[in-house]
> 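This is the structure I have questions about; it appears just below.
In what follows, chains are A, B, ... by sequence order, proteins preceding strands, each numbered from 1.
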2 protein chains.
Amino acid sequence: MHPLTPLRGPSLAALAAARIRDAIITGELALGEALSEDRLASALGISRTPVREALTALQMQGLITTQPQRGSFVFDPTEEEMAELCEFRLVVETRAMWLSHARDRIRLVEELEAAQARMDAAIAAGDRIGWAAADAALHEAFLTNCGNQFLVQAYQLISGRISAVRTRLLGPPDNQSRSVEEHREIIRAVAGGQLMQAETILAAHVMQMRPRYRTIVLAPRLAAEAGRAGGPRVRRAR
Amino acid sequence: MHPLTPLRGPSLAALAAARIRDAIITGELALGEALSEDRLASALGISRTPVREALTALQMQGLITTQPQRGSFVFDPTEEEMAELCEFRLVVETRAMWLSHARDRIRLVEELEAAQARMDAAIAAGDRIGWAAADAALHEAFLTNCGNQFLVQAYQLISGRISAVRTRLLGPPDNQSRSVEEHREIIRAVAGGQLMQAETILAAHVMQMRPRYRTIVLAPRLAAEAGRAGGPRVRRAR
DNA sequence: ATAAACTATATCGTATACAATTATTACTAT
DNA sequence: ATAGTAATAATTGTATACGATATAGTTTAT
């Protein structure tokens with residue numbers, strides 16, 4: 001295939017970015033949590049320089065916000081931002097679905113089904129992180145072969161945030177079966193060439209994230225704050 | 001309006017990013033040209049640290065590419081990449097036009113006409129850079145009030161590259177009047193609520209960039225290389 | 001003359017040190 | 001007790017130094 005593999009080790013900055021990104025997505029770092037360059041550097045066993053580079057990269061992906069002389073904070077969307085996020089996500093995913101289907105629908109369906117299989121396995125094993133990862137992979141399957149690198153980049157602009165929020169919403173088992181069933185329906189529609197129908201289901205599926213975010217993430221937080229009995233007080237962005 | 005203005009000076013890294021970005025857009029730095037962190041730092045009178053930060057930011061905007069241990073290079077799109085760039089640009093601009101029109105069409109038309117006026121003035125004054133800037137402002141007017149920050153971010157993913165290429169295409173005076181006339185038609189259609197028509201003109205207008213890029217940028221370069229009489233040999237990415 | 005090996009230079013990647021800014025705490029006066 | 005103030009700690013922003021790697025030029029052997 002390729003003439004010769006690159007064979008270059010990733011830089012510490014890239015490794016740090018990947019590691020921190022993972023920590024945010026899996027929930028190891030909480031939404032809104034303050035990040036100290038010093039502590040991150042110590043924790044990762046490297047100096048602050050590559051950590052800073054990683055943080056600027058993560059900032060571009062919207063996973064953190066940095067305030068001058070104050071610190072960096074894990075992103076922490078309001079409900080309105082969540083709505084915009086979903087809206088944008090839907091635009092990009094939908095367009096990518098059409099492009100991808102037009103280019104190579106066999107491959108598209110294959111990848112969708114592969115992700116679906118991984119998801120089933122993760123659910124059966126009770127692996128929540130694996131489930132979330134497979135969910136992300138399923139939706140990203142629309143992008144991988146859409147043929148426009150800029151559409152992919154546009155999706156990367158939000159995919160991290162989507163993944164991070166998704167992890168936090170993997171709660172109520174009653175939603176599991178529903179979500180799984182919607183995925184199946186989407187795949188079935190795409191495989192059958194019923195893209196308009198797939199679009200409809202996809203829209204409903206994607207837009208569910210907003211109310212669920214409010215119920216599962218925002219509401220408990222407000223309740224805790226009202227009762228002043230909130231857990232450990234964390235430094236947050238304002 | 002705002003409770004209190006931030007009143008914080010921008011960091012050296014931000015200043016450097018803006019300065020280098022400007023140099024790329026105005027043509028002070030050539031497409032494909034090699035950039036040395038050391039030389040940039042000396043030229044800007046700062047250390048390498050903020051320069052590196054600026055370069056990572058510019059890389060995210062697609063204005064440069066960085067190769068490990070080799071250097072950074074100003075972006076230098078192939079014709080295919082240029083086509084994808086235009087395609088994506090059209091998708092985003094069109095969608096933003098509809099959203100913006102629905103939200104506040106009065107303001108949209110105002111901003112379009114303001115940019116148009118700036119453009120006329122720049123052309124009359126023979127200010128090519130000013131012309132290009134006004135052209136960019138006109139198209140960005142669709143974005144500024146579309147109400148979705150992520151659409152704006154998606155546009156920023158490519159707007160720098162678009163601006164940089166535009167500067168290089170400001171050549172043949174015969175295209176000037178045509179481009180100006182198209183802008184007028186777009187504004188007229190938007191003001192009249194004829195968005196479908198505006199979309200059609202916008203599509204033609206945006207897509208012209210690809211063939212013009214081939215003719216004005218790519219073709220002369222190939223000719224020079226064939227004759228081996230090319231100007232000063234510059235280090236380029238491979 | 002050509003190709004291979006070696007040296008020198010340029011460039012980036014990372015660590016560390018210091019300065020500037022912000023937040024927190026302790027303290028004092030009312 | 002509360003508001004204001006000064007001292008302290010924590011944090012980022014920038015500069016500098018050093019090592020690692022890639023490129024270019026030079027030398028040498030065939």
> With respect to the phosphate group of dA10(C), does any side-chain polar atom (N or O) of R39(B) fall under 4.0 Å of OP1 or OP2?
no

> Of the nucleotides dG13(D), dT16(D), dC12(C), which one has an atom closest to the side chain of S47(B)?
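Of the candidates, dT16(D) comes closest.
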
> Quick one: D38(A) CG to dT16(C) C1', roughly how many Å, whole number?
11 Å

> Rounded to whole Å, please give me the gap between CD in E37(B) and P in dA10(C).
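Value for this atom pair: 16 Å.
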
> Which distance, rounded to the nearest 0.5 Å, do you find between the CG of L108(B) and the CG of L143(B)?
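L108(B) CG to L143(B) CG: 10.5 Å, rounded to 0.5 Å.
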
> Could you state the CZ-P distance from F73(A) to dT11(D), rounded to the nearest angstrom?
10 Å

> Do the side-chain N or O atoms of R70(A) get closer than 4.0 angstrom to the phosphate oxygens (OP1, OP2) of dA23(C)?
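So the side chain of R70(A) is within the cut-off, an N or O lying under 4.0 Å from OP1 or OP2 of dA23(C).
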
> Quickly work out the L40(B) CG to dA15(D) P distance and round it to whole Å.
14 Å

> I want to confirm an ordering. Mapping G71(B) and I46(A) to their closest nucleotides on DNA chain C, which one lands closer to the 5' end?
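With G71(B) and I46(A) compared, the 5'-side residue is G71(B).
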
> Could you note down all residue pairs passing salt bridge (charged side-chain N to carboxylate O under 4.0 Å, His left out) where residues 16-26 of chain A supplies at least one of them, sequence neighbours left out?
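Qualifying pairs: R19(A)-E28(A).
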
> Just how far, in rounded Å, is C1' of dA15(C) from CD of E53(A)?
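Those two atoms, CD and C1', are 13 Å apart.
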
> For the residue pair E93(A) and Y155(A), confirm or rule out a side-chain donor-acceptor distance under 3.5 Å.
yes

> Would you find more than 12 non-hydrogen atoms of other residues, nucleotides or ligands less than 6.0 Å from R166(A) atom CZ?
yes

> Measure the distance from CZ on R48(A) to P on dG13(C) and round it to the nearest whole Å.
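So the CZ-P distance, R48(A) to dG13(C), works out to 19 Å.
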
> NA contact type, T49(A), heavy-atom cut-off 4.0 Å: base, sugar-phosphate, or nothing?
base

> Indicate, with a heavy-atom threshold strictly under 4.0 Å, whether L35(B) touches base, sugar-phosphate, or nothing.
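Counting heavy atoms under 4.0 Å across all strands, the contact made by L35(B) is with sugar-phosphate only.
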
> Taking atom CG of D38(A) and atom OG of S47(A), what is their separation to the nearest 0.5 Å?
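Answer rounded to 0.5 Å: 10.0 Å.
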
> Starting at atom CG of L15(A), determine the distance to atom P of dT14(C), rounded to an integer number of angstrom.
8 Å

> Write down the distance between CD (Q59(B)) and C1' (dG13(C)), rounded to a whole number of angstrom.
14 Å

> Report the nucleotide, chosen from dT14(D), dT12(D), dC12(C), that has the shortest atom-to-atom distance to any side-chain atom of Q69(B).
dC12(C)

